[in-house]
Peer 1: 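Below is a structure I'd like to ask you about.
Numbers for residues simply follow the sequence, beginning at 1.
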Amino acid sequence: MTSTSPPKRLTDLEEMIIMAEKSEGLSEFEREAVKDRAKELRAEAKAGKNRAAGEKAIREAIEAMSGEDRAIGEGFYKVVSEVAPQLMPKTYYGMPAFANDEGKVVTFMQPADKFKARYATIGFEDRANLDDGDFWPIGFAVRTWTPAIEQRYSELVASAVS
């Protein structure tokens, strides 16, 4: 008499990877982003809320960028690190990001090359305190990092964490 064990239940991460590999509705770039996110979730589960692990991940993500994306990524990292040091560095779908104490992303930087766009995007999630009446921007196209952009982004980050 042979014993059979119940079928193994896939973890959410395994299901996410399988979905990304099989989905015909996602572009190649989107499938890679889902795979990146699954890797990040595994790494986060191992590291917990470890600032050093987040620093390493975000620095590696920025170092992998080239040209203007890297300059924007460096500026993004510098501003958030200085203006909102309480936010935790991490990656979000392979992109540099910073999260609140609950681990929820507040702001992120999407490199232009990631989705073959003509500009990078700096965005804010709903945890950012940017409310301004009934309508306000949460994403910004960035083609080059300038002192004026650094100043405006610094103001937005300060408001986002207030």
Peer 1: Provide the closest heavy-atom pair for Val106 versus Ala160 in the form atom of the first, atom of the second, distance.
Peer 2: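 Between these two residues, the closest heavy atoms are CG1-CB, 4.4 Å.
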Peer 1: Quick one: which of Met65, Lys90, Met109, Lys114 gives a side-chain contact (heavy atoms from CB on, under 4.5 Å) with Met95?
Peer 2: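 Single pass found, and it is Lys114.
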Peer 1: Residues in salt bridge (Lys or Arg N to Asp or Glu O under 4.0 Å) with Arg127, at least two apart?
Peer 2: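 With sequence neighbours excluded, Arg127 shows a salt bridge (Lys or Arg N to Asp or Glu O under 4.0 Å) to no residue whatsoever.
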Peer 1: Shared ILVMFWY cluster between Leu130 and Val142, side chains joined below 4.5 angstrom?
Peer 2: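 In one cluster with Leu130: Val142, yes.
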Peer 1: Any donor and acceptor pair, going by atom type alone, linking the side chain of Ser162 with main-chain N or O of Ser159 inside 3.5 Å?
Peer 2: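 It does hold such a pair.
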Peer 1: Among residues two or more places apart or on two chains, list those pairs meeting side-chain hydrogen bond (donor to acceptor under 3.5 Å, both in side chains) that have a residue in residues 61-71.
Peer 2: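 As it turns out, the side-chain hydrogen bond (donor to acceptor under 3.5 Å, both in side chains) pairs with a partner in residues 61-71, which skip direct neighbours, are Glu68-Thr144.
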Peer 1: Can you measure from CD1 (Ile72) to OG1 (Thr146) and round to the nearest 0.5 angstrom?
Peer 2: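 It comes to 9.5 Å.
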Peer 1: What ring-ring contact (aromatic ring centres under 6.0 Å, His included) pairs are there with at least one residue in residues 119-140, not counting sequence neighbours?
Peer 2: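 Qualifying pairs, neighbours excluded: Phe124-Tyr153.
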Peer 1: Considering all heavy atoms of both residues, which atom of Asn100 and which atom of Leu87 are nearest to each other, and what is their separation?
Peer 2: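 So the minimum-distance heavy-atom pair works out to CA-CD2, 3.8 Å.
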Peer 1: Looking only at side chains, do Glu55 and Tyr77 share a donor and an acceptor under 3.5 Å apart?
Peer 2: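 Yes, side-chain donor-acceptor contact under 3.5 Å.
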Peer 1: Looking only at non-hydrogen atoms, find the nearest pair between Ile58 and Pro96 and report the distance.
Peer 2: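 Closest approach of Ile58 to Pro96: CG1-CB, 3.5 Å.
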Peer 1: Can you find a heavy atom in the side chain of Asp101 that is under 4.5 Å from one in the side chain of Gln86?
Peer 2: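 Contact flag for Asp101/Gln86 side chains = no.
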Peer 1: Within the structure provided, determine whether Trp145 and Ile122 are in side-chain contact (heavy-atom separation under 4.5 Å).
Peer 2: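 A side-chain contact exists here, since the closest heavy-atom pair is under 4.5 Å.
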Peer 1: A side-chain contact here means heavy atoms from C-beta on lying under 4.5 Å apart; do Phe115 and Thr121 qualify?
Peer 2: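 Counting from C-beta outward, Phe115 and Thr121 never come under 4.5 Å.
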Peer 1: Give the C-alpha distance, both sets of side-chain angles, the deciding distance and a yes or no for salt bridge (charged side-chain N to carboxylate O under 4.0 Å, His left out) between Lys78 and Glu74.
Peer 2: CA-CA 6 Å; Lys78 175 183 177 245; Glu74 292 289 347; over 6 Å; no
Peer 1: Would Phe108 and Ile138 show up in the same hydrophobic cluster when neighbours are defined by side-chain heavy atoms closer than 4.5 Å?
Peer 2: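 No, no single cluster joins them.
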Peer 1: Could you report the tightest heavy-atom contact between Gly123 and Thr107, atom names first, then the distance?
Peer 2: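 Smallest heavy-atom distance, with atoms named: O-OG1, 2.9 Å.
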Peer 1: State, to 0.1 Å, how close Ala61 and Thr91 come at their nearest heavy-atom pair, and which atoms those are.
Peer 2: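 Reported closest heavy-atom pair: CB-CG2, 3.9 Å.
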Peer 1: Nearest 0.5 Å, please: how far is CG in Asn129 from CG in Asp126?
Peer 2: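 Separation between the atoms: 11.5 Å.
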Peer 1: Same cluster or not: Tyr92 versus Val161, using hydrophobic residues (I, L, V, M, F, W, Y) connected whenever any side-chain heavy atoms lie under 4.5 Å apart?
Peer 2: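 Each belongs to a different hydrophobic cluster.
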Peer 1: Is it true that Ile149 and Val83 fall in one hydrophobic cluster, defined by side-chain heavy atoms closer than 4.5 Å?
Peer 2: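 As far as the 4.5 Å side-chain criterion goes, Val83 and Ile149 are connected within one cluster.
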Peer 1: Tell me whether Ser154 contacts the main-chain N or O of Glu150 through its side chain, where contact means a donor paired with an acceptor under 3.5 Å.
Peer 2: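 Yes.
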